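To start, the structure itself, in C-alpha cells.
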Amino acid sequence: MTAFAEIKVYNTLSKSLEKFIPLHGKRVFMFVCGPTVYDYSHLGHARTYVFYDTLARFLRKMDYSLFYLQNITDVDDKIVNRARDEGRHPLELAREFENYYHDDMAALNVTSVNLYARASDYLPEIFEQVRALIEKGHAYVTETGVYFDITTFPDYGKLSGQKPEELRVHRIEPDPTKRNPGDFALWRNRPREEFGWESPWGYGRPGWHIEDTAISIKHFGKQYDIHGGAIELAFPHHEAEIAQAESYTGVKPFVKYWIHTGLLTVEGEKMSKSLGNFVTIREALKEYDPNVLRIFLLSRHYRSPIDFRWELLDQAKSSYERILNGYGNLMDMDIVEEASEREAIFLEEVSRIRRRFFEAMMDDLNTAEALAQLFELVRAVNSYYEERGQITAESRVEVIAAFTDMFNVLGLRIGGGYDESMLRNLVSILIDVRAVLRKRKEYDLADEIRARLREIGIELQDIPEGTKWRLKGRT
RNA sequence: GCCGGGUUGGCCGAGCGGUUCAGGCAGCGGGCUGCAGACCCGUAGACGGGGGUUCGAGUCCCCCACCCGGCUCCA
C-alpha cells in the first residue's frame, strides 16, 4: 500500500497508542514468543499466533519488509517431566510436538514466520549472555544456579507497572540462595540424571527468559522493533527479557513496541493445559473450516479477552458463508462491454470500503472493524448483483482485488486452491441432470441430489434463472 | 494486598464528546421459489450501578459492584 499511511499501535511499555515508526525505515524486525512444545496447541495459542500472523501480513501489505522471528521453547521442565514419564528423550518429544504445532499453524494459514528458532540451538549464546551478566555484576552464582539481581536494574517493572517490593505472593517457594525473592534464574543446576548441559556454573538447564534474549539478540542485535506475546507473559517473562537485554547490551530500549494479545477464556477462565479446559486446534479444525476459526478469532480486538463457546464458531461459520456467497455472486456476474452508471457508483463504493478496511487496520489493528468492512463489501456486491447482475471485466478485476486484499491481510483462504474448472464441470453436469428431473417433476430425486451435494459442502440454489451453486465449507 | 484488563441489544462485537449508536449471528414482515435455501428490501432491540463535567457522554472525571489475568510454569 502506501507511504502516507500512518499506523498506530498500542505499546504496553508506554500504555498508550503510538505512531508506528520502525527503527530502520521500512525494515521491521518482530519477535514473538512461541510455544513450549510438550503437548498439542490449543485455541488460546491459535488466538495469539493468528493475530501476529495478521499483523505480519498487514505490515507487509503496507510495504514494510518484515522479518518475523519466533522461538520454540524445546528446553523446559514440562518437556523434561513428560519425557521422563514416557521414557523418551526430551528433545525427541519436543520435536514431535513442534511438528504438530507447525501442522496446526499451516492449517490455520499462519505462514508469515520467517524463522523458527529452537532454544536448544542457542546454548553458546545463552552461555555468553549469562557470563557477561555475571561479569557486569548483574548476576550472581549460587549452589543452585545463576540468578539475575533485579536490584541492579532500576527499570525492572517498567513494562508491567509492577514494583518488585510489592510482589509478595509467590506461587513457588523462592529459592533460598537468592539475594532477593524476585531474582530470576538465568541458569538452573539440575541433577545429572536429568537432561541438561555442562556449563561454566554447573550441570543444568537455562532459565526460560534467557532463551529468548539469546535468540533475539543473535538475530536482531541490541535493538529491534516489535516484541509480541500474550498478556500473561508481560510479567515476569518480558520484564526479565528487558532486564537481561538492556543490562547485557547497555542499549535502551531493547524493544521499541511491546504488543500483547488478550487471552482466550472458557466460561470466563483462561484456556490452559493446567486447567484442563482447552480445545486443541486440531479438534476445532475437525468441525470447522480454518477460515471460520480465523474469522472467529479476529472478530474481537486483539487486546480484549475472547470467551470461547462452540456456539460462537457456529455464528462465525454463518458469517463466513455470507462472505463466500458474496464473493460467488461477484464471480457469477455476466461480463458486459459497456459500464453503466450504476457500475460506476458501485466501483466508488468498493473503493471507499477498501480504504476503510485499511484505515481500520491502521488504527491499532482493528480487525473487528476490518471484518465489518469486508461485510460491507459483500453487501455492496450483493445489492449490485441483485440490481444489475452484470459488470465489465475491468471492474470485476477491481472488485476481486478488493476482496483478495482483505482476504490476504486477514489470512483467509478463499478462491483458488483447488482445481476449480473440474469442480465446476462436475457440478454443472449434476445441475443439468436436476434440470431435467425438475422439468419432469421428479422432485424426490432432484431434492436428493441437492441434499447429498449439500452434505459434501456444495449447496445448490434454485432461482428463476436456473440453478446456481456455492461451496459452503465443511459441515 | 499490589499491578493490568473487562462489563454495549437474544448471542458475538465496533465505538474513544456531536449526522438516526458499525458489522455479524439469530428474529420479524415482504419479494423471489414446486419446496427449501440463498439473495434483496424493510423492521425491532443495548451502553453494569450512582454521582459529576459539558449546550451535548457508551465515549471524559470520581465512587461502587461484578468478572478475568499477572505476581516468577503458561500464547
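Just so we're on the same page: letters track the sequence lines, and every chain starts at 1. Only a predicted model underlies this, so the values are computations on that prediction, with no experimental measurement involved.
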For nucleotides 17-28 of chain B, 5' to 3', base contacts (B), sugar-phosphate-only contacts (S) and non-contacts (-) with protein non-hydrogen atoms under 4.0 Å give -----BSBS---
Which nucleotide sits closest to the side chain of A:K270: B:rC40, B:rA14, B:rA75?
B:rA75
Return yes if the base of B:rC73 and the side-chain atoms of A:K78 contain a donor-acceptor N/O pair under 3.5 Å, otherwise no.
yes
From C-beta outward on A:N325, which listed nucleotide comes closest to its side chain: B:rA14, B:rC39, B:rG69?
B:rC39
Sticking with atom P, work out how far B:rC21 lies from B:rC74, rounded to a whole angstrom.
46 Å
Quick one: which of B:rA75, B:rA14, B:rC39 gets closest to the side chain of A:T36?
B:rA75
Whole-Å distance separating the NE2 atom of A:H301 from the C1' atom of B:rU59
16 Å
Apply the syn/anti split at 90° from 0 to B:rG58 and say which one it is.
syn
Could you say whether A:L17 or A:I306 is positioned toward the 5' end of RNA chain B, judged by the nucleotide with the nearest heavy atom to each?
A:I306
Output the single nucleotide from B:rG70, B:rG4, B:rC11 whose closest atom is nearest the side chain of A:E311.
B:rC11
When you match A:R470 and A:H42 each to their closest nucleotide on RNA chain B, which lands nearer the 5' end?
A:R470
N/O to N/O distances under 3.5 Å, protein versus nucleotides 34-37 of chain B:
{"unit_1": "B:rG34", "atom_1": "O6", "unit_2": "A:R438", "atom_2": "NE", "d": "3.3"}
{"unit_1": "B:rG34", "atom_1": "N1", "unit_2": "A:D447", "atom_2": "OD1", "d": "3.4"}
{"unit_1": "B:rG34", "atom_1": "N2", "unit_2": "A:D447", "atom_2": "OD2", "d": "3.4"}
{"unit_1": "B:rC35", "atom_1": "O2", "unit_2": "A:R450", "atom_2": "NH2", "d": "3.1"}
{"unit_1": "B:rC35", "atom_1": "N3", "unit_2": "A:R450", "atom_2": "NH1", "d": "3.2"}
{"unit_1": "B:rC35", "atom_1": "N3", "unit_2": "A:R450", "atom_2": "NH2", "d": "3.4"}
{"unit_1": "B:rC35", "atom_1": "N4", "unit_2": "A:D462", "atom_2": "OD2", "d": "3.4"}
{"unit_1": "B:rA36", "atom_1": "N6", "unit_2": "A:D462", "atom_2": "O", "d": "2.5"}
{"unit_1": "B:rA36", "atom_1": "N1", "unit_2": "A:R450", "atom_2": "NH1", "d": "3.4"}
{"unit_1": "B:rA36", "atom_1": "N1", "unit_2": "A:D462", "atom_2": "N", "d": "3.3"}
{"unit_1": "B:rA36", "atom_1": "N3", "unit_2": "A:R450", "atom_2": "NH1", "d": "3.3"}
{"unit_1": "B:rG37", "atom_1": "O2'", "unit_2": "A:E459", "atom_2": "OE2", "d": "2.9"}
{"unit_1": "B:rG37", "atom_1": "N2", "unit_2": "A:D462", "atom_2": "N", "d": "3.4"}

